Protein chains: 2
Amino acid sequence: MARRLKTPPQPKRNLDARKATILEAVVVEHIDTAQPVGSSSVAQSADLAVSPATVRTEMVALEREGYLAQPHTSAGRVPTDLGYRYFVDHLEAGILGSAQQKQIREFFAHVRGEVEDVLEQTSILLSHLTNYTSVVVGSGHSHASVLSVQLVNLDARHHLLVTVFSDGTVTKHSVLATFEASHVEVSEASRQLNALLIGTTLESKVQVPSRHDVVAKLVREAVAVLHAEMPTLEGEQVYIGGSSRVAEVFEGVETVRKVLGILEEELLVVSLVEDILDKGISVAIGSEHGYEPLSSCAVIVAPVSLEGETIGAVGLLGPTRMKYREVMAAAEAVSQHLTRHFGGDDPRA
Amino acid sequence: MARRLKTPPQPKRNLDARKATILEAVVVEHIDTAQPVGSSSVAQSADLAVSPATVRTEMVALEREGYLAQPHTSAGRVPTDLGYRYFVDHLEAGILGSAQQKQIREFFAHVRGEVEDVLEQTSILLSHLTNYTSVVVGSGHSHASVLSVQLVNLDARHHLLVTVFSDGTVTKHSVLATFEASHVEVSEASRQLNALLIGTTLESKVQVPSRHDVVAKLVREAVAVLHAEMPTLEGEQVYIGGSSRVAEVFEGVETVRKVLGILEEELLVVSLVEDILDKGISVAIGSEHGYEPLSSCAVIVAPVSLEGETIGAVGLLGPTRMKYREVMAAAEAVSQHLTRHFGGDDPRA
DNA sequence: TGTTAGCACTCGATTTTACCGAGTGCTAAC
DNA sequence: GTTAGCACTCGGTAAAATCGAGTGCTAACA
């Protein structure tokens, strides 16, 4: 409403020291209390030896410059998205509580199982750690190469194409043929598929046989089915932890509903996270990410990489007044542990 | 509170016609309006030509017998769980709106893809259909037999055991060896594993080689890893559709949080659904299912079967004042379509 | 005996009013 | 540039007033 000014009033990216201190004090207190912050409490809390009146004049300026807003006359000030942005940009890296450090270390010392399981568990860890909803994204295998394929026949016309990729993922695809094939033909097709596909990626062009016999038809069919998955974001894995936190952390049923609705759309979540990563930022506040229904949210992301390549990300979603310092530290720590976990001892599992 | 009487006062399972009509009227109206229902509106709506005063005396009786409750003196009546129970038990099978029938038909005419995808899509369909949160459960493959196994090596010590089951599911398990194995040894192990496991189920005892060479050790390791999954509910698939509905359908943040919290625990959801199925009922109201945090919910389930065997279930979760007739009809219809879908044209995919 | 009109009564929900006080903006003095 | 002082605003809370849906009871009625 009134908070969104027509002329985003020249956000000069630097505030003089006192303004900055005041802004920070407002943000910190508002994050803590969820209430508008008045001049006097700022005058006290921040260690600038200055009267509330002075703080007030500064606040007027900060409001004019778009960092603060007033819910109504004669209320305290509330940070705008821009205000949070400044706060976050000037945040010195937070340090994680030792209890949480321990929790993370223990977690990674004990996790077992497939990548998928680890990622899912991690999402739970993150939401426990922060009390916000977490998102863990593992990239698809578009760049991974095929290690092995196998065509298994279920009955005469239904076959299952099972593919193992170099990144340890396994996919299955039904192959429904219009013709019948014998066991022998299926295993021959399987053999040919292996010869054909091993070492290729889903992006590679493959020379399929053009013959008209059953085996060749099977092979063509299988390759087609496998490659059909390519274009979309398919293969991306998304794990959401602690979606129930949404209900505690946002006020207003409507907001809760909207946020939960978004979280249901996995594709959307993936692209949200990837968009943010692409922009090279680690926090998207309010409408910065451009997803309207999430305009009252802040999203924190941290990439997980393997050999220099980004193979996933962890994210946390909360209200714009979230505990940035702690949460960013947690995201950072977990993403590093994940990176190490996959890169270090055991790349794929 | 006052609603839970100490002596569940002899719920005689049969009410005379008039009481039944009144109870039904109360339930119907309360489901519709979410408000306590007064005697006069019942007197009007139900087609018993009787004055509000009479209705009132009957209501007193119904309350004494535990079917109705009063939020406070001088408010209307609200059904108790027992009231809903009676209502549901005496519900003639609802018939689905034709728009919805069409939606279901079109859905099943067009779904493609693996079982998992179909189940996931189905959960979305169900929640769209009913505006409640849906749960689709696919059973594990403890009874399915192995169609094919394959050991793929990622590097000298890490291998991936990929297993295809007769029900079309595919699992993968990391096999971490303490020793190195060559390509040749791995494929030999793979061959032996096939010979050993094909046709067995996860419950079968398998005679593993006791030799001490690399191949034998690999085989033993692989079998161990595969069979380790057995005891738990692992392999069960759960798909939850429309969890954001929780926020619209329940009032009170606290309830929403609790319900979402439950939905996060997949194992819990599975056992909830299976418990209800085991009891042979299709609706669990309030505390009937014994999961305390869900005491303000009703859960509707319908089994999905294949060749007489229950292979899964669909469920819907809403407040006790949910639209039983419509929702039960929807659950019924979808479960039948699913049954047909898997049983009829294509058992596995 | 079951039904009903009549009626006093209850009590939550809604509205009204009053009031408090945190917080503001402004001004004049320092 | 800073600050004390001050009048003013206005949301939040509490108390009071009001409303009315719905009740339980009783006495008359069929």
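Just so we're on the same page: letters track the sequence lines, and every chain starts at 1. Values reported hereafter were calculated over all heavy atoms of this structure, with side chains retained and with hydrogens, waters and symmetry mates removed. Since this is a predicted model, take the numbers as computed values, not measurements.
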[X] [atom1] to [N] [atom2]: how many Å, rounded?
X      : N       : atom1 : atom2 : answer
E58(B) : dT1(C)  : CD    : C1'   : 14 Å
R56(B) : dC9(C)  : CZ    : P     : 16 Å
L48(B) : dG2(C)  : CG    : P     : 17 Å
Q70(B) : dT10(C) : CD    : C1'   : 11 Å
Q44(A) : dT3(D)  : CD    : C1'   : 16 Å
M59(B) : dG24(D) : CE    : C1'   : 13 Å
E29(A) : dG23(C) : CD    : C1'   : 13 Å
L62(B) : dG24(D) : CG    : C1'   : 16 Å

query = Taking the six-membered ring for Trp, are Y84(B) and Y324(B) parallel (under 30°), tilted (30 to 60°) or perpendicular (over 60°)?
reply = tilted

For a quick test of reading the model: is some side-chain N or O of [X] closer than 4.0 Å to OP1 or OP2 of [N]?
X      : N       : result
R77(B) : dT23(D) : yes
T73(A) : dC10(D) : yes
T54(B) : dG2(C)  : no
R18(B) : dT3(C)  : yes
S51(B) : dT4(C)  : yes

message = Quick check on DNA chain C: between A53(B) and S74(B), whose nearest nucleotide comes earlier from the 5' end?
response = A53(B)

message = Quick check on DNA chain C: between H72(B) and P52(B), whose nearest nucleotide comes earlier from the 5' end?
response =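 The 5'-side residue here is P52(B).
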
task = Give the intermediate values and the outcome of salt bridge (charged side-chain N to carboxylate O under 4.0 Å, His left out) for residues D89(A) and R85(A).
result = CA-CA 6 Å; D89(A) 284 348; R85(A) 164 55 54 200; 2.9 Å; yes

Searching all strands shown, indicate the nucleotide that pairs with [N] (Watson-Crick or G-U wobble; both distances under 3.5 Å).
N       : result
dA28(D) : dT3(C)
dC9(C)  : dG22(D)
dC30(C) : dG1(D)

ask   = V60(B) has a side chain; which of dG23(C), dG22(D), dG24(D) sits nearest to it?
value =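 When the side chain of V60(B) is considered, dG24(D) is the closest of dG23(C), dG22(D), dG24(D).
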
task = Answer with base, sugar-phosphate or nothing: what part of the nucleic acid does T57(B) contact at a heavy-atom distance below 4.0 Å?
result =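 The answer is nothing, as T57(B) stays clear of every strand by at least 4.0 Å.
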
message = Please check if the number of heavy atoms outside D47(A) that lie under 6.0 Å from its CG is greater than 12.
response = no

task = For the pair T133(A) (side chain) and G242(A) (backbone), establish whether a donor and an acceptor sit closer than 3.5 Å, ignoring hydrogens and angles.
result = yes

task = Over all heavy atoms of both residues, which pair between I104(A) and V334(A) is shortest? Give the atoms and the distance, please.
result =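 I104(A) and V334(A) have their closest heavy atoms at CD1-CG2, 3.9 Å.
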
